[in-house]
Amino acid sequence: MNQLPIQVLPTWRRAVLKVGSSLLAADGGGLTPRFVTALAAFITASHAAGRQVVLVSSGAVAAGRALLHARAAPGRDLAARQAMAALGQAPMIVLWQSLSARPVAQVLLTHDDLRNRRRYLNARATLQGLLALGALPVVNENDTVAVDELKLGDNDNLAAIVAALVDADLLLIASDVDALYSADPRRDPAATPIARVEAMSPAVLAMAGGSGSAVGTGGMRTKLEAAEKAGAAGIPTVLFNGRDADAVQVLTEGRLRGTLVCAPHGRMQARKYWLLHAPTASGRIRVDGGAARALSRGHASLLPGGIIAADGEFQRGDLVEIVDIDEHRIARGLSQYAAAEVRRLVGRHSREIESLLGYSYGAEVVHRDDLANLPDHLLPGIA
Ligand code: GLU
């Protein structure tokens with residue numbers, strides 16, 4: 001009996017779909033298309049409807065283990081686990097390619113890549129480039145190089161970070177359970193499925209209990225943590241059963257049978273909030289009157305031509321303050337260029353960037369999507 005109602009899926013144009021090991025390497029065996037064929041059909045239908053999908057796929061370790069006929073328990077010996085991930089990663093990608101009409105691109109990330117601002121921006125640019133090319137990026141944690149303290153540990157959390165990274169509208173988590181339940185359904189027959197979570201709370205997290213399947217690393221708890229992370233970035237999360245062909249089919253029709261975890265704020269609001277409140281690097285960028293006015297009006301990017309100076313030190317991807325000639329703080333934003341690079345670009349035209357530096361990260365020093373105006377600042381003459 002399925003007590004879950006069918007509900008409307010939030011509208012989306014770009015989504016991250018996370019597929020767990022229990023769907024790729026079912027019943028502890030090697031890789032099988034059995035469950036992921038329907039998910040691949042969902043991706044194909046989404047592409048046909050003009051949508052973009054980034055896949056976060058597990059299953060490398062499970063596939064590697066099956067190849068070796070190894071029966072070792074998951075996660076016991078890190079080096080063995082890393083070897084299995086290395087063995088299983090390529091077959092996992094091959095499986096997705098065999099089910100996808102679009103070219104599949106392998107993207108392996110570590111926690112370090114996402115913590116380091118420069119690499120974070122590079123990963124974002126690569127993923128956006130792949131989507132623009134019409135490819136299907138398949139992301140996994142780079143298990144072969146990540147040791148414990150560098151690991152994200154589970155692909156649920158990785159998927160939430162990737163959703164924020166690519167500015168997705170929705171995070172879809174496919175696993176072998178139908179939904180979040182009020183208690184562990186394997187132990188408590190009175191457990192009921194929860195169709196909608198308005199906001200994450202300790203009470204909701206308590207419903208999750210421990211880890212679920214034998215092959216993956218995550219349980220319901222990591223899924224809720226992921227939903228919380230995505231929610232903080234303004235992205236709603238849905239949890240559904242990827243083994244249930246009907247639950248996958250209704251997604252294609254813009255409906256959901258599973259759990260919807262709402263995001264407390266809109267995406268823009270969440271992003272601006274982060275830009276306004278996250279710690280900045282010690283350096284800052286000084287701009288002329290024209291650039292200051294353009295930035296204060298909103299919707300403008302900061303181009304090299306409007307820059308007078310870069311003070312102090314910052315790296316590509318650092319959050320910096322932007323000040324006017326009178327040192328009034330106007331805005332905060334992520335700089336695409338390091339302080340030393342900005343100093344070489346001062347007052348120049350964007351088309352000169354490549355010849356001045358020998359490379360270019362784009363025409364903008366700070367892109368308008370990465371800018372937030374300081375609310376208390378009003379320039380004279382600006383309504
Ligand atoms: N990265 C691991 C793998 O591909 C899975 C981690 C997880 O399932 O959360 O096997």
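Note on Lys18 versus Asp156: salt bridge recorded, some NZ/NE/NH1/NH2 to OD/OE distance being below 4.0 Å. Using a cutoff of 4.0 Å between basic side-chain nitrogens and carboxylate oxygens, Arg343 and Glu313 are scored as salt-bridged.
Proximity of Glu327 to Arg284: side-chain heavy atoms (C-beta onward) are separated by under 4.5 Å at one or more points. Contact annotation: the side chain of Thr259 never approaches that of Lys223 to less than 4.5 Å [non-hydrogen atoms, C-beta and beyond]. You'll find the side chain of Leu109 reaches within 4.5 Å of the side chain of Val162, heavy atoms only. Within the 4.5 Å cutoff, the side chain of Glu364 has heavy atoms near those of the Leu303 side chain. Asp288 places none of its side-chain heavy atoms less than 4.5 Å from the side chain of Ile325. Side chains of Ser350 and Pro304 form a contact here, defined as non-hydrogen atoms less than 4.5 Å apart.
No single ILVMFWY cluster, assembled from side-chain heavy atoms under 4.5 Å apart, contains both Tyr359 and Leu121. Put simply, Leu9 and Leu17 are part of the same group of oily side chains (I, L, V, M, F, W, Y) that touch within less than 4.5 Å, one to the next. Follow the hydrophobic side-chain contacts under 4.5 Å out from Val287 and you never reach Ile308; the two are in separate clusters. Residues Ile6 and Leu239 do not share a hydrophobic cluster, defined by chaining ILVMFWY side chains whose heavy atoms lie under 4.5 Å apart. Each of Leu133 and Leu127 belongs to its own hydrophobic cluster when Ile, Leu, Val, Met, Phe, Trp and Tyr are linked at side-chain heavy-atom distances under 4.5 angstrom.
For the residue pair Ala190 and Ser182, the shortest heavy atom distance occurs at O-OG, 4.4 Å. For the residue pair Arg257 and Asp246, the shortest heavy atom distance occurs at NH2-CB, 4.0 Å. Residues Ala331 and Leu371 come closest through the heavy atom pair CB-CD2, 3.9 Å. A pairwise comparison of heavy atoms in Ser335 and Phe314 identifies OG-CE1, 3.6 Å as the closest pair. Of all the heavy atoms in Lys229 and Ala160, the pair that sits closest is CB-CB, 3.8 Å. The two residues Gln336 and Asp370 have their closest heavy-atom pair at NE2-OD2, 3.5 Å.
Here the CE atom belonging to Met220 is positioned 11.0 Å from the CE atom belonging to Met207, to the nearest 0.5 angstrom. Taking CG of Leu31 as the start and CE of Met92 as the end, the distance is 8.0 Å to the nearest 0.5 Å. For the atom pair CG of Leu131 and CG of Leu136, the computed distance is 9.0 Å after rounding to the nearest 0.5 Å. Going from atom OG of Ser175 over to atom CZ of Phe35 covers 12.0 Å, rounded to the nearest 0.5 Å. Once rounded to the nearest 0.5 Å, the distance linking CG of Leu224 with CE of Met200 reads 4.5 Å. Here Ile330 contributes atom CD1 and Glu321 contributes atom CD; the two are 10.5 Å apart, rounded to the nearest 0.5 Å.
Applying the side chain to side chain donor-acceptor pair (under 3.5 Å) test to every pair with at least one member in residues 83-100, sequence neighbours left out, gives these pairs: Ser57-Trp96, Gln89-Gln106, Gln89-Asn140.
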Inset, instruction - Carefully, step by step, assess Asp188 and Tyr181 under the rule side chain to side chain contact (heavy atoms under 4.5 Å, CB included). - result: CA-CA 10 Å; Asp188 183 349; Tyr181 280 80; over 6 Å; no
Inset, instruction - Would you check, one step at a time, whether the test side chain to side chain contact (heavy atoms under 4.5 Å, CB included) holds for Arg243 with Ser22? - result: CA-CA 9 Å; Arg243 291 189 175 196; Ser22 62; 4.2 Å; yes
Inset, instruction - For the pair Leu130 and Val107, evaluate side chain to side chain contact (heavy atoms under 4.5 Å, CB included) and give the outcome as yes or no after the intermediate values. - result: CA-CA 10 Å; Leu130 287 168; Val107 179; 3.8 Å; yes
Inset, instruction - Go through Val177 and Asn241 one step at a time and tell me if the side chain to side chain contact (heavy atoms under 4.5 Å, CB included) criterion holds. - result: CA-CA 5 Å; Val177 289; Asn241 190 342; 5.8 Å; no
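Side-chain atoms of Ser301 do not come within 3.5 Å of backbone N or O of His367 as any donor-acceptor pair. Counting only distance, with no hydrogens or angles, the side chain of Arg329 and the backbone of Leu374 share no donor-acceptor pair below 3.5 Å. A donor-acceptor pair under 3.5 Å is absent between the side-chain atoms of Tyr361 and the main chain of Tyr337, judged by distance alone.
No side-chain donor-acceptor contact under 3.5 Å links Arg255 and Gln7.
Among the candidates Ile43, Leu99, Val248, the single residue satisfying the side chain to side chain contact (heavy atoms under 4.5 Å, CB included) test with Val36 is Leu99. For the pairing with Asp169, the side-chain hydrogen bond (donor to acceptor under 3.5 Å, both in side chains) check across Arg51, Arg267, Gln52 returns one residue only, Arg267. Screening Val366, Ile307, Asp311, Val320 against Val342 for a side chain to side chain contact (heavy atoms under 4.5 Å, CB included) leaves a single residue, Ile307. For the side chain to side chain contact (heavy atoms under 4.5 Å, CB included) test with Val16, the passing option among Leu172, Leu55, Leu170, Leu171 is Leu171; the others fail.
Within a 6.0 Å radius of CD in Glu225, more than 12 heavy atoms belonging to other residues, nucleotides or ligands are found.
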